[in-house]
Undergrad: 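I'd like to ask you about the structure that follows.
Residue numbers start from 1 in every chain, and the chains themselves are labelled A, B, ... in the order their sequence lines are given, proteins ahead of strands. The figures that follow rest on heavy atoms only: side chains count, while hydrogens, waters and symmetry mates do not.
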Amino acid sequence: MSSVLKAVRGTRDLLPPETALWNHVETVARSVFARYGFGEIRTPVIEPTELFSRGVGEETDIVSKEMYTWEDRARAASEKAQSLTLRPENTAGVVRAYIEHKLGETGRLQKLCYIGPQFRRERPQKGRYRQFFQIGAEVIGPPSSGSESPLRDAEVLEMLATLLDELGIARASAENNYKGWKLALNSVGSSTDRPRYVAALREALAPVKDKLCPDNQRRAETNPLRVLDSKDENDQAIIDSLPKIVDYLDAESKQHFADVLAALDACGVPYTVNPRLVRGLDYYTRTAFEFTMETGLGTQNALLGGGRYDGLSETIGGPKAPGIGFAIGEDRLILTLQALAEEKQSAEADNHLHAHKLDAYIAPLGTEQNAAALALASTLRRAGLSVEVGDGTFKMKKAIPLADTLARHLIILGEDEAKAGEATVKTLATGEQVRLSSSELPKRLSSAKP
RNA sequence: GCGGCUAUAGUUCAGGGGUUAGAACGCGGGAUUGUGAUUCCCGAUGUCGAGGGUUCAAAUCCCUCUAGCCGCCCCA
């Protein structure tokens with residue numbers, strides 16, 4: 001027996017009116033990005049697997065166990081089948097495009113933003129889906145374009161603060177019981193600092209490894225940086241005693257980070273430095289950051305994350321092209337806004353979650369009025385009004401309540417009106433009604449718009 | 001990938017071996033042939049997530065699967 005087909009695990013359909021909120025978020029994001037000089041880039045959803053294994057890092061969780069990867073069909077016996085992957089993140093793709101189109105040759109700083117689906121095969125949870133959407137941006141260019149400047153880091157962070165402000169998400173403060181957004185950042189060191197620090201970590205971990213929890217023992221081997229942000233209670237004392245990354249930053253990296261912080265202070269962007277913040281992607285250098293949010297998200301409380309990736313371009317065969325970027329978890333942003341709307345913390349989000357009433361609902365009385373009703377709807381719609389048309393079989397008893405749920409005005413088109421070239425317009429909220437000639441309708445309804 | 005909880009009408013949920021599966025909201029029809037949100041009457045809500053098993057009898061107990069949620073891992 002055939003069973004009902006459903007969306008595959010971890011993927012979902014987004015339906016109205018929720019999609020109105022998605023559109024709102026994307027509109028605000030595009031508006032903010034445009035003001036900071038970003039242009040949109042659209043890269044393919046499929047990329048060569050190698051882009052991620054080299055760019056993101058073979059040993060990362062994303063690459064080692066979360067990618068949707070398959071062998072493409074070879075076109076000829078002589079051709080080798082290519083391994084393809086559904087992108088698990090978009091930074092590598094953007095940098096690939098930057099290299100492929102020789103954008104560095106322009107000599108100018110590239111500011112690129114994107115909105116699109118990403119794919120990771122993880123166990124689904126609230127705020128974590130196998131197809132999820134990221135809104136991101138990258139600032140990248142040859143060193144001569146100023147792409148390495150701490151000004152760029154601060155600008156990106158300040159832009160994110162502006163975006164969240166404009167979406168009506170408050171900053172954490174005493175007034176909201178510190179439940180707004182929080183920015184944490186750290187410097188994970190340059191591409192020469194980082195290996196020195198990781199080596200020191202390994203050395204420090206070796207003698208105490210046996211005392212750590214099994215998870216941390218494993219991390220000590222595979223990815224020592226991850227031990228730092230472990231939540232295991234018993235391991236905290238050991239973790240506190242481990243070497244700090246700050247002590248391994250060279251003078252240049254230290255100055256860079258200090259300059260980022262100073263610029264944030266100047267812009268009034270609140271932050272906390274978290275020396276234990278590390279990110280799961282290999283390409284991050286120097287500035288790494290994340291914005292977290294308690295409302296609406298369970299344990300998946302990272303609303304967005306990002307950082308600098310000064311060596312990524314070279315890793316995947318490109319020219320030197322330092323950059324910094326971020327990715328916002330759009331699904332999580334939506335969950336946050338929905339929760340804020342529910343808690344009456346965001347009238348704006350609430351507004352987008354409810355379908356807007358149309359300007360008018362046309363009720364033809366009798367199917368012989370259907371054609372005239374549709375023609376009238378056409379005229380009104382071309383005049384910029386939002387209109388729904390009922391069917392002539394609907395009785396008044398059905399048409400009026402239906403009109404009330406959908407629209408502000410009911411236009412009755414019956415035999416009497418048709419003969420006179422008129423229509424009856426009823427204002428549903430008050431029950432008042434007037435008869436007008438059809439030609440007056442567009443002007444009349446337009447002036448009644450809220 | 002690991003552990004736990006859950007799955008019944010369009011929606012929110014009740015029913016925990018006993019034959020015909022319920023409530024509310026919503027939906028359809030009527031009281032009222034062109035005037036609503038109130039009221040009254042009537043009706044349909046459904047493979048009780050899927051498959052298998054135990055039993056005279058399974059929505060109910062057992063197993064497997066699927067999906068969602070919560071936690072872990074990790075990340076957006």
Undergrad: Atom pairs under 3.5 Å, N or O on each side, protein against nucleotides 29-37 of chain B: can you list them with distances?
TA:
from, atom 1, to, atom 2, distance (Å)
B/U32, O2, A/Lys397, NZ, 2.7
B/G34, O6, A/Glu415, N, 3.3
B/G34, O6, A/Asp416, N, 3.1
B/G34, O6, A/Asp416, OD2, 3.3
B/G34, O6, A/Glu417, OE1, 3.4
B/G34, N1, A/Glu417, OE1, 2.9
B/G34, N1, A/Glu417, OE2, 3.3
B/G34, N2, A/Glu417, OE2, 2.8
B/U35, O2, A/Lys426, NZ, 2.9
B/U35, O2, A/Gln433, OE1, 3.2
B/U35, N3, A/Gln433, OE1, 3.0
B/U35, N3, A/Gln433, NE2, 3.2
B/U35, O4, A/Gln433, NE2, 3.1
B/G36, O6, A/Leu428, O, 3.1
B/G36, N1, A/Leu428, O, 2.8
B/G36, N2, A/Asp404, OD1, 2.9
B/G36, N2, A/Asp404, OD2, 2.2
B/A37, N6, A/Leu428, O, 2.9
B/A37, N1, A/Asp404, OD2, 3.1
B/A37, N3, A/Asp404, OD2, 2.8

Undergrad: Taking atom P in both B/G30 and B/G49, compute the distance separating them and give it to the nearest angstrom.
TA: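 Their P atoms lie roughly 35 Å apart.
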Undergrad: Can you give me the closest heavy-atom contact between A/Lys111 and A/Tyr36, atom names plus distance?
TA: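 So the minimum-distance heavy-atom pair works out to NZ-O, 2.8 Å.
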Undergrad: Remember a base hit wins even if backbone is also touched, and classify A/Gly10 as base, sugar-phosphate or nothing at under 4.0 Å, heavy atoms.
TA: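 Sugar-phosphate: the residue A/Gly10, judged by heavy atoms under 4.0 Å, touches backbone atoms but no base.
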Undergrad: Between A/Pro270 and A/Arg171, what is the shortest heavy-atom contact and its length?
TA: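 A/Pro270 and A/Arg171 have their closest heavy atoms at CD-NH1, 3.3 Å.
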Undergrad: Let me know the distance between CG of A/Leu228 and P of B/C75, rounded to the nearest Å.
TA: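 Computing the A/Leu228:CG to B/C75:P distance gives 12 Å.
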Undergrad: Atom CD1 of A/Ile238 and atom CG of A/Asn216: how far apart are they, to the nearest 0.5 Å?
TA: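 Rounded to the nearest 0.5 Å, the CD1-CG separation comes out at 8.5 Å.
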Undergrad: Near RNA chain B, counting only heavy atoms under 4.0 Å, which residues of residues 32-48 of chain A show up?
TA: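 Nucleic-acid contacts, sorted: none.
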Undergrad: Measure from CG on A/Asp61 to P on B/G1 and round the result to the nearest Å.
TA: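 That distance rounds to 14 Å.
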Undergrad: Are A/Arg130 and A/Glu122 ion-paired here, with the side-chain N under 4.0 Å from a carboxylate O?
TA: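 A salt bridge is absent here (no side-chain N lies under 4.0 Å from a carboxylate O).
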Undergrad: In terms of side-chain geometry, is the basic nitrogen of A/Glu432 or A/Lys426 positioned less than 4.0 Å from the acidic oxygen of its partner?
TA: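 No, A/Glu432 and A/Lys426 are not salt-bridged.
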Undergrad: Considering only the C1' atoms, how many Å lie between B/G10 and B/C62, rounded to the nearest integer?
TA: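 About 33 Å, rounded to a whole number of Å.
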Undergrad: A/Gln131 CD to B/A76 C1': how many Å, rounded?
TA: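 Rounding to the nearest Å, CD of A/Gln131 and C1' of B/A76 are 14 Å apart.
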Undergrad: Any Lys/Arg nitrogen of A/Lys182 or A/Glu290 sitting under 4.0 Å from an Asp/Glu carboxylate oxygen of the other?
TA: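 Looking at A/Lys182 and A/Glu290, the cut-off is not met.
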Undergrad: Can you tell me if A/Arg12 uses its side chain to pair, donor with acceptor, with the backbone of A/Ala7 under 3.5 Å?
TA: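 A pair under 3.5 Å: no.
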Undergrad: Can you tell me which stems involve RNA chain B, if a stem is defined as three or more consecutive Watson-Crick or G-U wobble pairs, both distances under 3.5 Å?
TA: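 RNA chain B stems, ordered by first number: B:1-7 with B:66-72, B:10-13 with B:22-25, B:27-31 with B:39-43, B:49-53 with B:61-65.
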Undergrad: Based on the glycosidic angle (syn within 90° of 0, else anti), state the conformation of B/G16.
TA: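 Syn for B/G16; the angle stays within 90° of 0.
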Undergrad: With P as the reference atom in both, quote the distance from B/U35 to B/A50 in angstrom, rounded to an integer.
TA: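 After rounding to an integer number of Å, I get 47 Å for this pair.
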Undergrad: Would you check if A/Val139 and A/Phe38 make a side-chain contact, meaning some heavy-atom pair closer than 4.5 Å?
TA: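 Sidechains of A/Phe38 and A/Val139: in contact.
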Undergrad: A/Leu335 CG to B/C75 C1': how many Å, rounded?
TA: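 Rounded to the whole Å, the gap is 15 Å.
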Undergrad: Send over the distance from A/Glu122 CD to B/C2 P, rounded to a whole Å.
TA: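 The answer, rounded to whole Å, is 15 Å.
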Undergrad: Rounded to whole angstroms, how far apart are OH on A/Tyr283 and C1' on B/C75?
TA: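 After rounding, the gap between these two atoms is 11 Å.
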Undergrad: Under 4.0 Å between any heavy atoms, over every strand shown, what does A/Arg9 touch: base, sugar-phosphate, or nothing? Just pick one.
TA: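 The answer is sugar-phosphate, as A/Arg9 gets under 4.0 Å only of primed atoms, P, OP1 or OP2.
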Undergrad: Contact class for A/Arg121 (heavy atom, under 4.0 Å): base, sugar-phosphate, or nothing?
TA: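 Sugar-phosphate only.
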Undergrad: Between B/A58 and B/G52, how far apart are the two C1' atoms, rounded to whole Å?
TA: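 Pairwise C1' distance, B/A58 against B/G52, rounds to 13 Å.
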Undergrad: Would one find a side-chain N or O of A/Arg128 under 4.0 angstrom from OP1 or OP2 of B/C75?
TA: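 For B/C75, neither OP1 nor OP2 has a side-chain N or O of A/Arg128 closer than 4.0 Å.
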Undergrad: Do the non-hydrogen side-chain atoms of A/Leu358 and A/Leu385 ever get within less than 4.5 Å of each other?
TA: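 No. Closest side-chain heavy atoms not under 4.5 Å.
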Undergrad: Of all heavy-atom pairs between A/Ala288 and A/Val188, which one has the smallest distance, and what is that distance?
TA: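 Looking at all heavy atoms of both residues, the closest pair is CB-CG1, 4.1 Å.
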Undergrad: In whole Å, what separates the C1' atom of B/A59 from that of B/G16?
TA: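 Taking atom C1' in both B/A59 and B/G16, they lie 10 Å apart.
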Undergrad: Base, sugar-phosphate alone, or nothing: which one does A/Gln125 contact when heavy atoms must sit under 4.0 Å apart?
TA: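 Base, at least one base atom sits under 4.0 Å.
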Undergrad: To check you understand the geometry: which heavy-atom pair defines the closest contact between A/Phe33 and A/Cys113, and what is its length?
TA: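 Taking A/Phe33 first and A/Cys113 second, the nearest heavy atoms are CD1-CB, 3.5 Å.
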Undergrad: Touch check for A/Arg120, heavy atoms < 4.0 angstrom, all strands: base, sugar-phosphate only, or nothing?
TA: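 Base, at least one base heavy atom under 4.0 Å.
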Undergrad: Tell me: CE of A/Met67 to P of B/C75, nearest whole Å?
TA: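 Going from A/Met67 (CE) to B/C75 (P), I get 15 Å.
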Undergrad: Just to be sure I understand the rule, does A/Gly306 reach a base, reach only the sugar-phosphate, or reach nothing, if contact means heavy atoms closer than 4.0 Å?
TA: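 Nothing, no heavy atom under 4.0 Å.
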Undergrad: As a quick check of understanding, evaluate side-chain contact (heavy atoms from CB on, under 4.5 Å) for A/Ile324 and A/Glu138, giving each step before the final call.
TA: CA-CA 6 Å; A/Ile324 180 162; A/Glu138 313 292 347; over 6 Å; no
Undergrad: Please report the closest heavy-atom contact between A/Gln125 and A/Gln300, naming both atoms and the distance.
TA: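 Closest approach of A/Gln125 to A/Gln300, heavy atoms only: OE1-NE2, 3.0 Å.
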Undergrad: Do A/Glu422 and A/Arg435 pass the salt bridge (charged side-chain N to carboxylate O under 4.0 Å, His left out) test, and can you show the C-alpha distance, the side-chain angles, and the key distance before you say yes or no?
TA: CA-CA 7 Å; A/Glu422 296 179 335; A/Arg435 241 173 100 156; 3.0 Å; yes
Undergrad: Using atom C1' of each nucleotide, how far apart are B/A37 and B/G26 to the nearest Å?
TA: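 Straight-line distance between the two C1' atoms is 15 Å.
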Undergrad: Contact class for A/Glu66 (heavy atom, under 4.0 Å): base, sugar-phosphate, or nothing?
TA: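 Answer is sugar-phosphate: A/Glu66 comes under 4.0 Å of backbone atoms only.
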Undergrad: Could you check how far CZ of A/Arg123 sits from C1' of B/G4, rounded to whole Å?
TA: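 Going from A/Arg123 (CZ) to B/G4 (C1'), I get 10 Å.
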Undergrad: Please give the distance between the C1' atoms of B/A9 and B/C27 as a whole number of Å.
TA: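 That atom pair is separated by 11 Å.
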Undergrad: Across the strands shown, which category fits A/Phe326 at heavy-atom distances under 4.0 angstrom: base, sugar-phosphate, nothing?
TA: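 Here A/Phe326 touches no strand at all.
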Undergrad: Would you measure the distance from the C1' atom in B/A44 across to the matching atom in B/U33 and give it in whole Å?
TA: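 Looking at atom C1' only, B/A44 and B/U33 are 26 Å apart.
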